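Numbering of residues begins at 1 and proceeds along the displayed sequence. Only a predicted model underlies this, so the values are computations on that prediction, with no experimental measurement involved.
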Amino acid sequence: MNDSRFPRRAVIALVALLTITSCSLTEPKEDPVSTKRIEKSAQTDPAPVLERTQGLPEDADFLWYSGTLGSGAPGPSTYWVDARLSTTDEAMDDLRAQCPDGTVSEPDVVDELSRELVDEGYAECPAVAGEIAFKGWDTHVWISQNSPVMVITLVGQG
């Protein structure tokens, strides 16, 4: 016997399969949890960075951006700060000495700060990050190979 429902079921299954496949082939959306939204741009007051770290030279020049992670939906917020710190050659030499095996990499900062960094090579330095980390802020540090510049990223609550 011939079941006339079979071709219709096959067509429906094929359409469903194509729909699922086409959805999975679309460009992936950004992870809303890790998206940095800038809420403060081009700040130079060192106090907010110094409050979230310890042991940084207070006479350094700071340039930083900050905001929250995610989509802006209501609820608890995770804050971030991306900062460039310029200090004396002597102070930076002391910090470099703590990272003889630093991994050369680009600092993971927002584009606005990245454009302010001289393309001179930075080395990530977990030892200095551990030294300046404070009050539960996740801290990452990159130190310039050639100038007295350090880049800091901070992520935490409040």
Side-chain angles (χ1 to χ4, degrees), residues 19-158:
T19 302
I20 291 170
T21 303
S22 69
C23 289
S24 67
L25 294 176
T26 60
E27 190 171 316
K29 294 181 180 178
E30 287 186 29
D31 180 3
V33 175
S34 63
T35 303
K36 289 182 177 178
R37 296 180 44 226
I38 293 178
E39 294 171 4
K40 290 201 176 215
S41 60
Q43 302 293 309
T44 58
D45 176 15
V49 178
L50 294 174
E51 290 170 2
R52 292 164 175 81
T53 58
Q54 60 186 4
L56 291 177
E58 292 184 22
D59 61 344
D61 291 324
F62 288 82
L63 173 66
W64 56 272
Y65 295 80
S66 70
T68 56
L69 293 176
S71 64
S77 294
T78 301
Y79 295 92
W80 61 268
V81 177
D82 289 353
R84 179 193 71 201
L85 174 143
S86 301
T87 188
T88 65
D89 287 325
E90 296 79 24
M92 198 54 64
D93 287 343
D94 290 343
L95 293 170
R96 267 191 212 99
Q98 296 179 44
C99 297
D101 300 326
T103 303
V104 175
S105 66
E106 289 297 313
D108 184 18
V109 296
V110 291
D111 290 341
E112 290 79 356
L113 184 60
S114 183
R115 287 190 288 267
E116 300 290 333
L117 302 176
V118 177
D119 186 23
E120 57 194 40
Y122 289 84
E124 188 166 8
C125 186
V128 172
E131 184 178 303
I132 69 167
F134 188 60
K135 292 186 180 178
W137 285 83
D138 182 38
T139 305
H140 293 269
V141 170
W142 291 264
I143 295 178
S144 168
Q145 306 265 310
N146 305 310
S147 66
V149 174
M150 178 168 64
V151 177
I152 303 166
T153 62
L154 306 167
V155 177
Q157 302 295 313

Where [X] and [Y] come nearest, the two heavy atoms and their spacing:
| X | Y | value |
| --- | --- | --- |
| V104 | Q145 | CG2-NE2, 4.1 Å |
| S66 | V81 | CB-CG2, 4.0 Å |
| A91 | T88 | N-OG1, 3.1 Å |

Quick one: list whatever passes side-chain contact (heavy atoms from CB on, under 4.5 Å) with [X], sequence neighbours left out.
| X | answer |
| --- | --- |
| A60 | P57, F62, L85, T87 |
| Q54 | F134 |
| D138 | H140, V155 |

Walk me through it: do Q157 and T78 pass the test side chain to side chain contact (heavy atoms under 4.5 Å, CB included)? CA-CA 5 Å; Q157 302 295 313; T78 301; 3.0 Å; yes
Keeping the roles fixed (side chain from [X], backbone from [Y]), state whether a donor-acceptor pair exists under 3.5 Å.
| X | Y | result |
| --- | --- | --- |
| W64 | T153 | no |
| W80 | T68 | yes |
| R52 | W137 | no |
| Q43 | S41 | yes |

Residues 105-114, side-chain donor-acceptor partners within the protein, below 3.5 Å, at least two apart:
residue : atom : partner : partner atom : Å
S105    : OG   : W142    : NE1          : 3.1

Please evaluate residues E131 and V141 with respect to the criterion side chain to side chain contact (heavy atoms under 4.5 Å, CB included), reporting the C-alpha separation (whole Å), side-chain torsions for both, the decisive distance (0.1 Å), and the verdict. CA-CA 10 Å; E131 184 178 303; V141 170; over 6 Å; no
Applying side chain to side chain contact (heavy atoms under 4.5 Å, CB included), run through I152 and L56 and close with a yes or a no. CA-CA 11 Å; I152 303 166; L56 291 177; 3.7 Å; yes
Determine whether K36 and D82 satisfy the following criterion, side chain to side chain contact (heavy atoms under 4.5 Å, CB included), listing intermediate values before the conclusion. CA-CA 10 Å; K36 289 182 177 178; D82 289 353; 2.9 Å; yes
Can you pull out every disulfide (SG to SG under 2.5 Å) where at least one residue sits in residues 120-158? Sequence neighbours excluded, please. C99-C125
Which residues share a salt bridge (Lys or Arg N to Asp or Glu O under 4.0 Å) with D93, sequence neighbours left out: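 So D93 forms a salt bridge (Lys or Arg N to Asp or Glu O under 4.0 Å) with R96.
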Would you say that more than 12 heavy atoms from the other residues, nucleotides or ligands in this model lie under 6.0 Å from the CD of E58, or not?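 Counting other residues, nucleotides and ligands, CD of E58 stays at 12 neighbours or fewer.
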From D94 CG over to D89 CG, what is the distance, rounded to the nearest 0.5 angstrom?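 Reported to 0.5 Å precision, the distance equals 11.0 Å.
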